[in-house]
Protein chains: 2
Amino acid sequence: MAQVLVAPRLRLNRDRVLQAAVQLADRIGIDALSMRRLAEELGVVPMALYKHVANKDELLDGMVDVIVAEIDPPNGDLGWKAAVRLRVLSARQMLLRHPWARSVLESRTRETPTVLDYMESTIGMFLAGGFSADLTHHVMHALGSRMWGFTQELFDASAGPDRPPVDIAAQVAQLQAMAERYPHILQISEVATHDDSVVARGCDDRFEFEFALDLLLDGFERLRDAGWSSDARPTA
Amino acid sequence: MAQVLVAPRLRLNRDRVLQAAVQLADRIGIDALSMRRLAEELGVVPMALYKHVANKDELLDGMVDVIVAEIDPPNGDLGWKAAVRLRVLSARQMLLRHPWARSVLESRTRETPTVLDYMESTIGMFLAGGFSADLTHHVMHALGSRMWGFTQELFDASAGPDRPPVDIAAQVAQLQAMAERYPHILQISEVATHDDSVVARGCDDRFEFEFALDLLLDGFERLRDAGWSSDARPTA
DNA sequence: GGTGAAGGTGTACACCGTACACTCGGATGC
DNA sequence: GCATCCGAGTGTACGGTGTACACCTTCACC
């Protein structure tokens, strides 16, 4: 009956820590995520976290595991091409849910089981599709970070946490100035916004992503069907 | 005649700061590069740097400018394909000289003139090659970070600053353990090392890079020759 | 009911980026 | 020749970071 009125203070464990870290990063961004801030969120003193993760690096690795596990499992009913495509797009959806994930994924170098599982099953999709192990190897390299649902680009629209409100007048003046020095950049960015009156609307990210993905998938298929072999590789 | 014997203590300027920062990063790595450490290197107090760069972010932007300027200018005598290829491979050489550059390039979001110049001239190569502005736009996206001489991959061989010395016995045992859980990963990594007795020699980075690059360039060419247009794009 | 281990605490350290007020040397104007 | 001014370099300080280490508290089990 003398039930305490404060929160029952359930014990910490590794999973609670990781889940809280992911949610907190979703909310306040990865830069603001510090051990102290996370501890505060969990109503605990900073050093308490170190009973559950060895250090911040391991915390980040754990967070990667959490989000990689969110990627849909392969769909066995589809052909390799559709299956890979769907899976990669699922990874992309996960990345859109966790905007911080890209930079963390990029910075990681430790190969955790969850991550290896993801690679393992992706490789399996190519092998099942009739790709040689050799070609599959190169294909995985070619996919690169696209396998994780993103590609690195400078000036990505989602890079800045908050774009300043567009000042149309200033933007037009800036475009004018750019026209001389960067005519080509201007030319291709005009195309990107031809159907929209607002200047610099940005690209259709999903379209761009799928454009490159399909280009690669088609290329892979052509190589496979041509019986590609790396025997012709120049031994540098 | 009363020439001072200590170093003449030549004045700092923005360029000296940036050059020193690049060299220091080459030597001690980007993580160890702090304003304090850089100041020490220049024989100056930390705050002195702030007379020449606004903050650390601007320092990093300046460092990017320095290394991007190292990329070879386009060769006008070649066709678009060979010219783009050569240029991208030159960017890659620059990146190999500055191992820290990849992560810095990835983290930057500010578009400095030097960086814009590089993009401008790259875009120009496609336009000169008969690509429509529309297609060029998507092509630049598809190139992604490959334009900068790298692609993001997990477990890149160059990721760790110092791989621990290989313990062959432990490695074999680990492979044994992996064989059950990750047969596919094992399968494609065996291919990568078939001509080498040492386990886990790693991939031929240059080959992998060019494999994907050429796959894309060939794909671009096919699209151009087919008169590709994005009019068929599904309006989401 | 005692005990041992695991979980949570408190304090402390070294390092980081940088705000702010200062000193001092050298160019400029009279 | 002297005053002035300005900007490069200095010194101190603050609030933040990750985390080592010693401590205490709680709880399961014999």
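In what follows, chains carry the letters A, B, and so on, assigned in the order in which the sequence lines appear, proteins first and then strands, with residues in each chain numbered from 1. No hydrogens, no waters, no symmetry mates; every other heavy atom, side chains included, goes into these values.
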**Study point:** Angle of first-five versus last-five pair axes in the helix from C:dG1-D:dC30 to C:dC30-D:dG1, to 10 degrees
**Key:**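 The two end axes of the helix from C:dG1-D:dC30 to C:dC30-D:dG1 meet at 0°.
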
Using salt bridge (charged side-chain N to carboxylate O under 4.0 Å, His left out) as the criterion, list what pairs up with [X], not counting sequence neighbours.
X: B:D57; result: B:R108
X: B:D72; result: none
X: A:D117; result: B:R181
X: A:E120; result: none

Practice item. Enumerate the residue pairs fulfilling side chain to side chain donor-acceptor pair (under 3.5 Å) with a member in residues 32-47 of chain A, sequence neighbours excluded, ordered by first and then second residue. Key: A:R27-A:E41, A:R37-A:E41

Pairs under 3.5 angstrom, nitrogen or oxygen only, protein versus nucleotides 6-8 of chain D, please.
none

Exercise for review: Tell me, please, which residues at least two apart from B:R87 pass side-chain hydrogen bond (donor to acceptor under 3.5 Å, both in side chains).
Suggested key: B:S121, B:T122

Point to revise | ring pair (Phe, Tyr, Trp, His ring centres under 6.0 Å) partners for A:F211, two or more places apart | key: B:H138, B:W228

Practice item. Could you name each residue pair satisfying ring-ring contact (aromatic ring centres under 6.0 Å, His included) that touches residues 83-111 of chain B, not counting sequence neighbours? Key: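 Sorted result for residues 83-111 of chain B: B:H98-B:W100.
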
Review point. Which residue pairs pass the ring-ring contact (aromatic ring centres under 6.0 Å, His included) test with at least one member in residues 19-72 of chain B, sequence neighbours excluded?
Key: none

Practice item. If a protein heavy atom is under 4.0 Å from the base, mark B; if only from the sugar-phosphate, S; if neither, -; do that for nucleotides 12-17 of chain C going 5' to 3'. Key: B---BB

